[in-house]
Amino acid sequence: MPYTESKRVKTFRLGIAKEIPKFPNDNATLKALEASSLDSLLIHYNNWAIRYVSPRPRIVSIESTASSDSRWSKLKSEIATFLEKVEIGVDLTPHLSLEPHTRGYTPASAKKGTETERWADKDFLLNVMGYHHFHIGPAVRPDGFATRTDDLLFARLSRDHFTVVAIFDHSVFERPSNPTTAMTKERERLWKVFDEHSAKGLAPGTVYIPSMITTSGHTMHVVRLADEYARVVREVDSQLDDIAYIKGLYESAGVPYPKKPKLKWHLNFLDLGLLEATSNSFFVFRYGPN
């Protein structure tokens, strides 16, 4: 049977289209997203949301490529304050880049042609290397963001771990427009650090692929995650008019069953599930990578 989108799924899909920060932030861009399938829309959402870090306590480890940097001792106080926040699970959004707040999706990145800027709405270093970068200024400005710092802390993280990889200044983001132009010293060091970490533990001569990027610039993981989320939504949503199924959700979670549950699809960072607003119950079907 052909799939028919339910009202719940349509509301979820249109809500995602509205939530993603767009540039240009106009009606045409919104309409373009609203016309997208759930699968495509989830690719754009995941590509944007992966730039954030869900707040939860994490175990911190520090690579020698970070601690051996001369800036480590100079920034000791700022780093210690920041890593304490990581360990206790404080929301790290104030320490992230400002770009994801306004530059989540642009239709320009999907245009055909060799001149298309695929990376306009993507974090190149995060997609290619898996590194988040953080401003470590201890003070929070009136706009809610931490003081911007030239030196940034780069880290590789999961839901439970936070590995400090290195410290770089902003010249690490400078990409030569001409392939024959030399990289900045910081960017050259970044690639060296990435290569060393990627090959760690492998026998000499081993062939490996550190990261897989699609032709659209999205990571393969983001695309597969979107496909899996869309599949789960379609499969589970078809059972949400069955009272017995819904009662089973509450029983499995050990949550009291309300008189009139109103379930809706919801994404909390990259965790996918059903939210029941009255009791504030969130039934997670898939956990995100961080």
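Only a predicted model underlies this, so the values are computations on that prediction, with no experimental measurement involved.
In the model, D169 has a side-chain atom that pairs as donor or acceptor with a side-chain atom of S171 under 3.5 Å. A side-chain donor-acceptor contact under 3.5 Å links S40 and S37.
Taking each heavy atom of E186 and I167 in turn, the nearest pair found is OE2-O, 4.2 Å. Minimum heavy-atom separation, L272 to F282: C-CZ, 4.1 Å. The shortest heavy-atom contact between L275 and H266 is CB-CB, 3.8 Å. Heavy-atom minimum distance, G89 versus P55: O-CB, 3.7 Å. In terms of heavy-atom proximity, P100 sits nearest to P21 at O-CG, 3.4 Å. Taking each heavy atom of I213 and W119 in turn, the nearest pair found is CG2-CH2, 4.1 Å.
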query: side chain to side chain contact (heavy atoms under 4.5 Å, CB included) between F283 and L263: does it pass, once the steps are laid out?
result: CA-CA 9 Å; F283 303 94; L263 296 168; 4.0 Å; yes
message: Test side chain to side chain donor-acceptor pair (under 3.5 Å) on T219 and H221; report intermediate values, then the result.
response: CA-CA 5 Å; T219 67; H221 177 68; over 6 Å; no
field: side chain to side chain contact (heavy atoms under 4.5 Å, CB included) evaluation trace for Y45 with I50
entry: CA-CA 8 Å; Y45 175 88; I50 204 168; over 6 Å; no
task: List the steps and the verdict of side chain to side chain donor-acceptor pair (under 3.5 Å) for N178 and T180.
output: CA-CA 5 Å; N178 189 323; T180 62; 2.7 Å; yes
message: Run the salt bridge (Lys or Arg N to Asp or Glu O under 4.0 Å) test on K10 and E34 for me, step by step, so that the C-alpha distance in whole Å, both residues' side-chain angles and the decisive distance to 0.1 Å come before the verdict.
response: CA-CA 10 Å; K10 182 177 181 179; E34 289 179 337; over 6 Å; no
message: side chain to side chain donor-acceptor pair (under 3.5 Å), that's the test. Do D26 and T29 meet it? Break it down for me.
response: CA-CA 6 Å; D26 55 22; T29 308; 2.6 Å; yes
- request: Applying side chain to side chain donor-acceptor pair (under 3.5 Å), run through S109 and D121 and close with a yes or a no.
  value: CA-CA 7 Å; S109 68; D121 53 9; 2.9 Å; yes
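The stretch residues 85-95 participates, sequence neighbours left out, in these side chain to side chain donor-acceptor pair (under 3.5 Å) pairs: K85-H95, D91-T93. The list of salt bridge (charged side-chain N to carboxylate O under 4.0 Å, His left out) pairs with a residue in residues 253-268, not counting sequence neighbours, is empty. Applying the salt bridge (charged side-chain N to carboxylate O under 4.0 Å, His left out) rule to pairs touching residues 226-238 yields R8-D237, D39-R234, E228-R231, E228-R286, R231-E235, sequence neighbours excluded.
In this structure, CG in D271 is found 7.0 Å from OH in Y287, a value given to the nearest 0.5 Å. To the nearest 0.5 Å, the span separating CD on Q239 from CG on D241 amounts to 10.5 Å. One distance of note links NE2 of H218 with CG of N127; it measures 8.0 Å at 0.5 Å rounding. Note that OG of S97 and CZ of F134 are 11.0 Å apart. Values are rounded to the nearest 0.5 Å. Residue L83 holds its CG atom at 6.0 Å from CG of L153, rounded to the nearest 0.5 Å. Put simply, CG on L225 and CG on N46 are 4.5 Å apart, with the number rounded to the nearest 0.5 Å.
Heavy atoms from other residues, nucleotides or ligands lying under 6.0 Å from CG of L202 number more than 12. Atom CZ of F124 has more than 12 neighbouring heavy atoms from other residues, nucleotides or ligands inside a 6.0 Å radius.
Evaluation of the side-chain hydrogen bond (donor to acceptor under 3.5 Å, both in side chains) rule for E78 yields no partner, not counting sequence neighbours. For R224, the side-chain contact (heavy atoms from CB on, under 4.5 Å) partners two or more places apart in sequence, or in a different chain, are M220. For the ring pair (Phe, Tyr, Trp, His ring centres under 6.0 Å) test, residues two or more places apart in sequence or in another chain that qualify with F168 are F154. For T81, the side-chain hydrogen bond (donor to acceptor under 3.5 Å, both in side chains) criterion is met by no residue, not counting sequence neighbours. Evaluation of the ring pair (Phe, Tyr, Trp, His ring centres under 6.0 Å) rule for Y131 yields no partner, not counting sequence neighbours. Here S54 pairs with R56, R58, F269, N290 under the side-chain contact (heavy atoms from CB on, under 4.5 Å) rule; sequence neighbours left out. Partners of S238 according to the side-chain contact (heavy atoms from CB on, under 4.5 Å) rule, which considers only residues two or more places apart in sequence or in another chain, do not exist here. Every side-chain contact (heavy atoms from CB on, under 4.5 Å) that T11 has, sequence neighbours left out, goes to K7. With sequence neighbours left out, T163 forms a side-chain hydrogen bond (donor to acceptor under 3.5 Å, both in side chains) with S61.
The cluster map of Ile, Leu, Val, Met, Phe, Trp and Tyr, joined by side-chain heavy atoms under 4.5 Å apart, puts I62 and I136 in the same cluster. Side-chain heavy atoms closer than 4.5 Å link hydrophobic residues (I, L, V, M, F, W, Y) into clusters, and following such links, possibly through other members, connects I43 to V232. Using a 4.5 Å cut-off between side-chain heavy atoms of Ile, Leu, Val, Met, Phe, Trp and Tyr, with links allowed through other members, V193 and F162 fall into different hydrophobic clusters. Both Y250 and L240 sit in one connected hydrophobic cluster of ILVMFWY residues. Membership requires side-chain heavy atoms under 4.5 Å apart, directly or through other members.
Proximity of a side-chain donor or acceptor of K122 to a complementary backbone N or O of S216 within less than 3.5 Å is detected. Judged by distance alone, with hydrogens and angles left aside, the side-chain atoms of D123 form a donor-acceptor pair with the main-chain N or O of L126 at under 3.5 Å. In this structure, the side chain of S281 does not engage the main chain of A277 through any donor-acceptor pair within 3.5 Å. Using a distance-only test at 3.5 Å, with no hydrogens or angles considered, a donor-acceptor pair links the side chain of E276 to the main chain of S279.
Checked against the 6.0 Å centroid threshold, F23 and Y105 do not count as a close aromatic pair. In summary, the aromatic rings of H135 and H170 are positioned with their centroids under 6.0 Å apart. Proximity of the aromatic rings of H101 and Y52 is defined here by a centroid distance below 6.0 angstrom, and this criterion is met.
With a 4.5 Å cut-off on side-chain heavy atoms, L92 and F82 count as touching.
Between F145 and the options V140, L98, L96, a side chain to side chain contact (heavy atoms under 4.5 Å, CB included) holds for only L98.
A cation-pi arrangement is absent between R187 and F173, since the terminal nitrogen or guanidinium carbon is not both under 6.0 Å from the aromatic centre and inside a 45° cone about the axis.
Using a cut-off of 4.0 Å between Lys/Arg side-chain N and Asp/Glu carboxylate O, D69 and R189 are scored as salt-bridged.
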